[in-house]
**Student:** 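Before I ask anything, here is the structure I am working with.
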Amino acid sequence: MRFLPISLLILALATATAFAYDPSPLQDFCVAINDPKVFVNGKFCKDPKQVTAEDFLFKGFRYPGNTANPLGSKVTPAFVDQFPGLNTLGISMARIDFAPDGLNPPHTHPRGTEILVVVEGTLLVGFVTSNQLNNTLLTKVLYKGDVFVFPIGLIHFQLNIGKTPALAFAALSSQSPGVITIANAVFGSKPPISPDVLTKAFQVDKKVVDYLQAQF
């Protein structure tokens with residue numbers, strides 16, 4: 001009996017594993033029910049015969065976002081909820097406007113890697129590695145035309161360190177990458193996380209936790 005080359009055997013095992021793997025989720029959860037017409041892991045499809053070029057056009061990036069807010073930044077997403085033509089294509093975008101000193105605060109995209117290009121201005125950007133890599137901060141100053149990538153799921157941020165407004169565009173590897181803003185999630189959850197949990201986690205006085213939760 002002839003044996004398969006080891007390379008073919010490895011390929012066969014890898015292929016079997018790939019076919020057995022669940023598809024990546026497109027939303028936070030999908031509780032199963034008997035009626036399939038309520039929620040699915042994604043979105044239902046429009047009749048292809050009814051599709052027009054307008055379904056593949058998004059006009060939301062034409063004008064600057066309003067940065068008159070405490071953070072001094074505005075993210076305009078072009079995810080599947082805003083841009084139906086993206087459904088099933090595994091990609092999305094966002095426009096990010098910054099006032100001077102504007103911040104896109106630490107956040108994660110649980111379902112997508114982000115690649116960012118600076119169009120105007122100067123940005124300080126960075127991300128933090130996982131616990132296994134000792135929560136190392138990798139940071140860089142970006143100038144017009146520079147491109148930086150933020151790996152899927154890792155906490156990252158962008159700060160305008162210039163004296164003029166800044167503009168960047170991001171592409172993400174999911175039609176619905178999700179956004180978890182760390183401060184909002186930890187201190188602004190509804191109902192709030194118990195102060196006993198937060199005081200122990202952050203090793204601070206309860207008054208500090210009470211103050212931070214009050215901001216949200």
Side-chain angles (χ1 to χ4, degrees), residues 24-29 65 67 69-82 90-119 121-143 146-162 166-204 208-216:
S24 298
L26 296 176
Q27 52 199 31
D28 289 347
F29 42 77
T67 59
N69 56 66
L71 293 173
S73 71
K74 174 62 176 179
V75 178
T76 304
F79 299 168
V80 70
D81 288 337
Q82 298 84 27
I91 194 169
S92 60
M93 289 189 70
R95 172 181 175 138
I96 314 170
D97 291 276
F98 300 86
D101 299 319
L103 171 70
N104 189 14
H107 62 282
T108 72
H109 302 292
R111 297 181 292 275
T113 291
E114 174 183 343
I115 188 165
L116 181 90
V117 58
V118 178
V119 177
T122 305
L123 298 179
L124 172 67
V125 307
F127 66 86
V128 180
T129 64
S130 62
N131 294 2
Q132 287 80 359
L133 294 178
N134 301 315
N135 303 123
T136 302
L137 172 64
L138 301 177
T139 186
K140 198 72 178 176
V141 174
L142 304 185
Y143 302 94
D146 287 346
V147 178
F148 198 84
V149 66
F150 305 100
I152 183 172
L154 297 186
I155 296 173
H156 59 281
F157 62 88
Q158 299 105 26
L159 172 68
N160 182 6
I161 59 174
L167 171 64
F169 288 94
L172 300 106
S173 61
S174 169
Q175 69 178 44
S176 182
V179 182
I180 301 173
T181 304
I182 306 306
N184 297 43
V186 173
F187 297 106
S189 67
K190 300 178 181 61
I193 298 173
S194 168
D196 294 335
V197 172
L198 297 181
T199 53
K200 195 171 187 67
F202 287 94
Q203 297 293 292
V204 295
V208 176
V209 171
D210 290 340
Y211 172 79
L212 290 171
Q213 287 184 321
Q215 306 310 303
F216 297 90

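Keep in mind that the numbers below use all heavy atoms, side chains included, and drop hydrogens, waters and symmetry copies.
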**Student:** Specify whether Phe127 and Phe150 have parallel, tilted or perpendicular ring planes, treating 30° as the upper limit for parallel and 60° as the lower limit for perpendicular.
**Tutor:**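 Ring orientation of Phe127 relative to Phe150: perpendicular.
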
**Student:** Can you name the nearest heavy-atom pair linking Phe157 to Pro105, along with the distance?
**Tutor:**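 Smallest heavy-atom distance, with atoms named: CB-C, 4.2 Å.
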
**Student:** Atom CG of Asn104 and atom CD of Gln158: how far apart are they, to the nearest 0.5 Å?
**Tutor:**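 The distance works out to 4.5 Å.
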
**Student:** Rounded to the nearest 0.5 Å, what separates atom CD in Glu114 from atom OG1 in Thr108?
**Tutor:**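 Taking CD in Glu114 and OG1 in Thr108, the distance rounds to 11.0 Å.
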
**Student:** Please evaluate residues Asn134 and Thr129 with respect to the criterion side-chain contact (heavy atoms from CB on, under 4.5 Å), reporting the C-alpha separation (whole Å), side-chain torsions for both, the decisive distance (0.1 Å), and the verdict.
**Tutor:** CA-CA 7 Å; Asn134 301 315; Thr129 64; 5.8 Å; no

**Student:** Counting N and O atoms only, with roles assigned by atom type, does the side chain of Ser174 sit under 3.5 Å from a partner on the main chain of Gly90, one being a donor and the other an acceptor?
**Tutor:**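 Checked: no pair found.
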
**Student:** Report the C-alpha separation of Lys140 and Asp146 in whole Å, then their side-chain angles, then the decisive distance to 0.1 Å, and conclude whether the side-chain contact (heavy atoms from CB on, under 4.5 Å) test is met.
**Tutor:** CA-CA 10 Å; Lys140 198 72 178 176; Asp146 287 346; over 6 Å; no

**Student:** What distance separates His156 NE2 from Ile182 CD1, expressed to the nearest 0.5 Å?
**Tutor:**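 His156 NE2 to Ile182 CD1: 9.5 Å, rounded to 0.5 Å.
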
**Student:** Would you find a donor on one side and an acceptor on the other, under 3.5 Å apart, between the side chain of His109 and the backbone of Gly178?
**Tutor:**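 Flag set: sc His109 to bb Gly178 pair under 3.5 Å.
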
**Student:** Please determine whether side-chain contact (heavy atoms from CB on, under 4.5 Å) holds for the pair Tyr211 and Val204, giving the CA-CA distance in whole Å, both sets of side-chain angles, and the decisive distance to 0.1 Å.
**Tutor:** CA-CA 11 Å; Tyr211 172 79; Val204 295; over 6 Å; no

**Student:** Looking only at heavy atoms, which two atoms of Gln213 and Pro192 are closest? And how far apart?
**Tutor:**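 Answer, listing the atom of Gln213 first, then Pro192: NE2-CB, 3.9 Å.
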
**Student:** For residues Leu154 and Ser130, report the shortest heavy-atom separation together with the two atoms involved.
**Tutor:**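 Minimum heavy-atom contact is CD2-N, 4.2 Å.
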
**Student:** So which heavy atom on Val80 is nearest to which on Ser176, and how close?
**Tutor:**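 So the two residues come closest at CG1-CB, 4.2 Å.
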
**Student:** Check salt bridge (charged side-chain N to carboxylate O under 4.0 Å, His left out) between Asp81 and all other residues, then give those that pass, not counting sequence neighbours.
**Tutor:**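 For Asp81, the residues satisfying salt bridge (charged side-chain N to carboxylate O under 4.0 Å, His left out) (neighbours in sequence not counted) are Lys43.
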
**Student:** Looking at side-chain heavy atoms only, is the closest gap between Ser92 and Pro177 below 4.5 Å?
**Tutor:**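 Yes; the side chains approach each other to less than 4.5 Å.
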
**Student:** I would like to know whether Arg95 and Val75 meet side-chain contact (heavy atoms from CB on, under 4.5 Å); could you show each step before the answer?
**Tutor:** CA-CA 6 Å; Arg95 172 181 175 138; Val75 178; over 6 Å; no

**Student:** Measuring only between side-chain heavy atoms, which start at C-beta, is Phe202 closer than 4.5 Å to Val186?
**Tutor:**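 Of all side-chain heavy-atom pairs linking Val186 with Phe202, at least one is under 4.5 Å.
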
**Student:** To check you understand the geometry: which heavy-atom pair defines the closest contact between Thr113 and Ile152, and what is its length?
**Tutor:**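 Closest approach of Thr113 to Ile152, heavy atoms only: OG1-N, 3.1 Å.
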
**Student:** Counting neighbours of OH on Tyr143 that are heavy atoms of other residues, nucleotides or ligands and sit closer than 6.0 Å, is the number greater than 12?
**Tutor:**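 Counting other residues, nucleotides and ligands, OH of Tyr143 stays at 12 neighbours or fewer.
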
**Student:** For Ser73 and Leu103, work out which heavy atoms get closest and say how close.
**Tutor:**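 In this case the closest contact between Ser73 and Leu103 is OG-O, 2.7 Å.
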
**Student:** With rounding to the nearest 0.5 Å, note down the distance linking CG in Asp101 to CD1 in Ile161.
**Tutor:**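 Interatomic distance, Asp101 CG to Ile161 CD1, rounded to 0.5 Å: 10.0 Å.
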
**Student:** Rounded to the nearest 0.5 Å, what separates atom CD1 in Ile155 from atom OG1 in Thr181?
**Tutor:**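 That separation rounds to 11.0 Å.
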
**Student:** Do Phe169 and Val119 touch side chain to side chain, with heavy atoms closer than 4.5 Å?
**Tutor:**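 Yes, at least one pair of side-chain atoms sits under 4.5 Å.
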
**Student:** Would you say Leu198 and Leu212 make side-chain contact, with heavy atoms under 4.5 Å?
**Tutor:**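 Side chain of Leu198 against side chain of Leu212, heavy atoms only: no contact under 4.5 Å found.
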
**Student:** Just verifying a value: how many Å separate Lys200 NZ and Ser194 OG, rounded to the nearest 0.5 Å?
**Tutor:**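 These two atoms lie 12.0 Å from each other.
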
